[in-house]
Amino acid sequence: MGTIHDFFTSQLLEWYKPTQRPLPWKSEKNPYYIWLSEIILQQTRVEQGRAYYEKFKKNYPTVQDLANAGEDQVLKNWQGLGYYSRARNLHQAAKYIVSDLGGKFPATHEDILKLKGVGEYTAAAIASFAYDLPFAVLDGNVFRVLSRFFGIKTPIDTGEGKKEFKKLAQKLLPPLEAARYNQAIMDFGATICMPKKPKCVSCPFRSECSAFINKNITFLPIKAKKTFKKERFFHYLRLNIGDFVYLHKRSEKDIWQHLYEFPLYEADRILDVETVKNKAFDGLLEGVNIVIKRQSKVYKQVLSHQKISAIFMEFELLDALVDRNNNWIQIKKERLKEYAFPKIIDLYLNDNSLYLNLF
Ligand code: SF4
């Protein structure tokens, strides 16, 4: 290990005080709880993730409890966190641990990596935090800190970049203090070397930091690709028939798989209610009396690769629609709160809870 590497590791460990950033999963040694926290935090801010971590621990205290739960219930508990494939993978992996591993959480890096939804980063985090195995974590925080301190300009989203950073991160990790070191570098990235306005003034690395010395902090780390966000326009049809409404469970290979929604009409822009009525019910309306009630404002939700605009149009049906392979289900309005919806529908339901008599 060269001097600059030694400097980095020793300064980081010296800087780290576990109590600086107390988090409920920090001193945890139970691999199941660590796994829960890591999956929840994959695409979620710490402040938001904390409540969900506590909720999952309370509702599913053991991996057996999680495996035995119904998928709809797990998704309902996950509601509001987004990226629902994480919850489905969590649930399936819990079932696998119970059925194939006798309920015992895997204890090697290789076996942890076999769990559905667990990638390199999460496997290294669980292996080091639960078992003190010498695997360096590499997440957004680590990429940022290393690229700035060592002045690395290789794009972090390329195969070459990932290889280079992985090698460096592993080289910096003190094998006997894996958990402490991994926690330290993530805390450092989250509280000192932040994406915007890093606290260089109070940084212990300042004298040796390449980005600070060369004044290129804001350019690092470098990404090769700009993420392109596809725009989509959803028209949700709230079809009231007496005390009932129609729902549909998303089963297509698309966003929000296995969540519920109102019958959907998608177009390349937001359309007016008459047009939607004519197009969306094409062929379904013969003999059905339908009254347009009202429409909502346009709601927006930004996902990692898509921007969704959704408008909710309400119709009163005087006769039941014939379901022609649409797989719609009819439920009582008051039971809406039992279903797991995407965030954009939840926003609409909350805005309209009084009017809709929901909660
Ligand atoms: S000096 Fe600034 S850019 Fe360099 S490691 Fe410290 S906080 Fe990050």
Side-chain angles (χ1 to χ4, degrees), residues 1-23 25-26 37-38 41-50 119-122 124-125 128-129 134-227 304:
M1 205 187 259
T3 332
I4 192 74
H5 298 89
D6 279 339
F7 171 82
F8 181 86
T9 301
S10 60
Q11 284 294 101
L12 185 68
L13 290 176
E14 202 168 302
W15 169 84
Y16 181 61
K17 304 269 175 302
T19 46
Q20 256 164 6
R21 202 172 166 237
L23 296 169
W25 47 82
K26 249 192 180 170
S37 72
E38 289 301 335
L41 292 180
Q42 271 174 4
Q43 264 125 342
T44 302
R45 282 173 301 109
V46 165
E47 303 76 52
Q48 193 196 6
R50 189 191 291 254
E120 285 282 349
Y121 161 77
T122 309
S128 64
F129 297 150
F135 290 90
V137 292
L138 196 50
D139 72 344
N141 284 318
V142 181
F143 275 120
R144 187 170 61 255
V145 172
L146 297 186
S147 76
R148 286 176 177 172
F149 179 81
F150 291 95
I152 304 170
K153 299 195 177 69
T154 319
I156 60 172
D157 53 348
T158 57
E160 192 196 346
K162 286 196 179 108
K163 229 166 137 184
E164 183 177 345
F165 279 92
K166 189 176 172 188
K167 204 167 153 203
L168 174 61
Q170 200 56 42
K171 188 173 178 182
L172 293 165
L173 181 89
L176 298 178
E177 289 197 86
R180 188 173 153 80
Y181 173 87
N182 278 341
Q183 200 64 69
I185 195 162
M186 291 200 294
D187 275 14
F188 183 78
T191 60
I192 306 283
C193 196
M194 296 111 91
K196 286 177 197 151
K197 296 194 187 153
K199 297 176 181 160
C200 301
V201 184
S202 53
C203 175
F205 297 138
R206 205 168 42 147
S207 65
E208 302 294 329
C209 173
S210 165
F212 183 75
I213 295 165
N214 296 308
K215 299 189 172 47
N216 55 7
I217 296 162
T218 47
F219 300 106
L220 293 171
I222 290 173
K223 275 194 178 177
K225 306 169 207 129
K226 273 214 168 313
T227 35
S304 55

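When a ligand or atom number is given, it counts from 1 through the structure's own listing order.
Remark: minimum distance from atom 2 (Fe) of ligand 1 to any protein heavy atom is reached at Cys200 SG, 2.4 Å. For atom 4 (Fe) of ligand 1, the nearest protein heavy atom (residue, atom name, distance) is Cys209 SG, 2.3 Å. Atom 6 (Fe) of ligand 1 has Cys203 SG, 2.3 Å as its closest protein atom, hydrogens excluded (heavy atom only).
Checking Asn214 against Ser210 by side-chain atom types alone, a donor-acceptor pair falls below 3.5 Å. Glu38 and Tyr121 form a side-chain donor-acceptor contact under 3.5 Å, judged by distance and modelled atom types alone.
Annotation: Glu160, atom CD; neighbour count of heavy atoms from other residues, nucleotides and ligands within 6.0 Å does not exceed 12.
Between Phe8 and Phe205, the ring-plane angle classifies as parallel under the 30° and 60° cut-offs.
Atom 2 (Fe) of ligand 1 has no N, O or S atom of Cys193 inside 2.8 Å of it.
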